Amino acid sequence: MRWHGPAGSPAHLALHLGAREPLAEIESALARDPVLRQMLPHTSGIAIMRQDPWECLVSYVISAFNNIPKIRLSVEHLARRFGESIPNTSDAGSGDATREGIDGGHNPVGWTFPSPEQLAAASPAALRACALGYRARYVRDMARLVADGRLDLARIAGLPFDEARAALIELPGVGEKVADCVLLFAFGRGEAFPVDVWVQRAVERWYFSGRPTTPRAIRGWAKDRFGPLAGYAQQHLFVGARRRSRTS
DNA sequence: GTGGATCCTAAGTT
DNA sequence: AAACTTAGGATCC
């Protein structure tokens, strides 16, 4: 992981993990929604992380049309092959309970996530060896954009929501869903509501009485309904939908 | 119960 | 708008 400040300092770790989020307050607000009120006993405790924008961007580009075990594998490969080893790391964190619905934990303790410069310098063949498939080109192209100074994620972070979203969507491999993930998990824009297949199914089933809808319509609906807590609502719906789908 | 071949699947984007 | 890489999971011998 790349930290915003002094590596591993408790304050920045807490920020990264979303540990300072007022979860009780957030969840009691969400519980005004009947669907979420019923869901919360099963999903309580979700915190939205504040990820490094670059790591977040790459991770979610890799996530498209992919499955979670393989996403983990790819991120781990990237870190091991192109990142820097972190000396003197304890194993703290690896045995921790998984924070589902959140991209944390994809990068194993032991290596930093590679910088844009490190990935820009990687050969296409070496990137392919990270099991990225056709996404390898997206990762390399984005790395070059940042390394060359043509793309400034910190600048985008400061733009108004819609402008930042539009700028992200310009990037190779980034569509609306991935852009919303970066807005939510890296830029801390709580009004972002990433619509993936799970969330779409959940909203259609639990709010639209089974009527098919478009991701665009769902985003508009979510913004109206949940406002600045849309991202949190999305996480609870995502986790709830996935838990329900598993045989148990 | 185990091991391997085969088929299907997957946090969307182009 | 059909096609996309490829490891993992499911199913079936």
Side-chain angles (χ1 to χ4, degrees), chain A residues 18 43 46-49 51-81 98-108 113 119 122-143 145 151 165-187 189 192-205 212-219 222 230-248:
Chain A
T43 60
I46 294 172
I48 291 181
M49 300 177 66
Q51 290 190 289
D52 172 77
W54 171 245
E55 176 171 355
C56 182
L57 179 62
V58 175
S59 297
Y60 279 99
V61 165
I62 293 172
S63 81
F65 194 46
N66 210 343
N67 56 62
I68 291 176
K70 191 147 101 58
I71 297 164
R72 260 202 200 96
L73 182 71
S74 287
V75 173
E76 181 177 335
H77 274 139
L78 285 176
R80 291 190 51 132
R81 174 138 183 102
T98 50
R99 303 167 75 86
E100 255 187 280
I102 297 170
D103 186 48
H106 286 177
N107 184 15
F113 187 82
L119 288 183
S123 75
L127 280 178
R128 295 304 282 270
C130 296
L132 298 175
Y134 64 89
R135 308 172 192 84
R137 183 166 39 86
Y138 300 149
V139 171
R140 187 171 152 90
D141 289 349
M142 282 194 304
L145 286 175
L151 169 62
R165 190 167 189 271
L168 289 169
I169 289 174
E170 294 293 314
L171 301 176
V174 179
E176 304 198 272
K177 189 269 181 179
V178 170
D180 286 332
C181 286
V182 174
L183 286 163
L184 181 59
F185 299 124
F187 295 163
R189 305 294 179 90
F193 190 87
V195 180
D196 57 40
V197 291
W198 294 95
V199 170
Q200 177 158 1
R201 275 184 221 141
V203 170
E204 287 172 351
R205 175 175 177 181
T213 322
T214 65
R216 180 185 183 80
I218 291 176
R219 275 202 321 280
Y232 269 98
Q234 188 270 4
Q235 288 294 285
H236 286 273
L237 292 171
F238 177 80
V239 170
R242 288 188 65 99
R243 295 227 169 120
R244 177 156 303 214
S245 80
R246 306 209 172 138
T247 53
S248 62

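Quantities reported herein were computed from a predicted structural model and do not represent experimental measurements. Letters A, B, ... mirror the listed sequences (proteins, then strands); counts begin at 1.
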5' priority, DNA chain C, between F65(A) and P69(A) [closest heavy atom] | F65(A)
Inter- and intrachain pairs under side chain to side chain donor-acceptor pair (under 3.5 Å), touching residues 124-139 of chain A, at least two apart = none
The answer to which of G173(A) and N67(A) contacts DNA chain B further toward the 5' end, by nearest nucleotide, is N67(A)
Identify the 5'-most and 3'-most nucleotides of DNA chain C with at least one atom closer than 4.0 Å to a non-hydrogen atom of chain A.
-> dC4(C) to dG9(C)
Quote, to the nearest angstrom, the C1' distance that separates dT9(B) from dA3(C).
-> 16 Å
Paired runs of 3 or more consecutive Watson-Crick or G-U pairs involving DNA chain C, with both pairing distances under 3.5 Å, are B:3-10 with C:6-13, B:12-14 with C:2-4
Mind running a 4.0 Å heavy-atom check of residues 174-184 of chain A against DNA chain B and sending the residues that fall below it, in number order?
-> V174(A), G175(A), E176(A), K177(A), V178(A)
Residue pairs passing the salt bridge (charged side-chain N to carboxylate O under 4.0 Å, His left out) test with at least one member in residues 166-176 of chain A, sequence neighbours excluded, are R165(A)-E176(A), E176(A)-R219(A)
Reckon P194(A) touches a base, only the sugar-phosphate, or nothing at all at heavy-atom distances under 4.0 Å?
-> nothing
Straight-line distance of L168(A) CG to F187(A) CZ, nearest 0.5 Å | 5.5 Å
What nitrogen or oxygen pairs link the protein and nucleotides 3-8 of chain B at under 3.5 Å?
none

For DNA chain C, which residues in residues 125-136 of chain A have a heavy atom at a distance below 4.0 Å?
-> R128(A), A131(A), G133(A), Y134(A), R135(A)
When rounded to the nearest Å, what value does the distance between C1' atoms of dC4(C) and dC8(B) take?
-> 16 Å
Applying side chain to side chain contact (heavy atoms under 4.5 Å, CB included), name anything that partners R201(A), two or more places apart in sequence or on another chain.
-> V197(A), W198(A)
Sequence neighbours excluded, which residues qualify as side chain to side chain contact (heavy atoms under 4.5 Å, CB included) partners of E204(A)?
-> Q200(A), P212(A), T213(A)
In terms of the angle between their ring planes, are F185(A) and Y60(A) parallel, tilted or perpendicular, with boundaries placed at 30° and 60°?
-> parallel
A64(A): what forms a side chain to side chain contact (heavy atoms under 4.5 Å, CB included) with it, not counting sequence neighbours?
-> none
Residues at least two apart in sequence or cross-chain that pass side chain to side chain donor-acceptor pair (under 3.5 Å) with R140(A), listed by chain then number, are none
Give me the residues of residues 195-204 of chain A where at least one heavy atom lies under 4.0 Å from an atom of DNA chain C, by number, or none.
-> none
Syn-anti status, with the boundary at 90° from 0, for the nucleotide dA11(B) = syn
Any side-chain heavy-atom pair of T43(A) and R242(A) under 4.5 Å | no
Check L237(A) against A202(A) and note the closest heavy-atom contact, atom names and distance.
-> O-CB, 4.2 Å
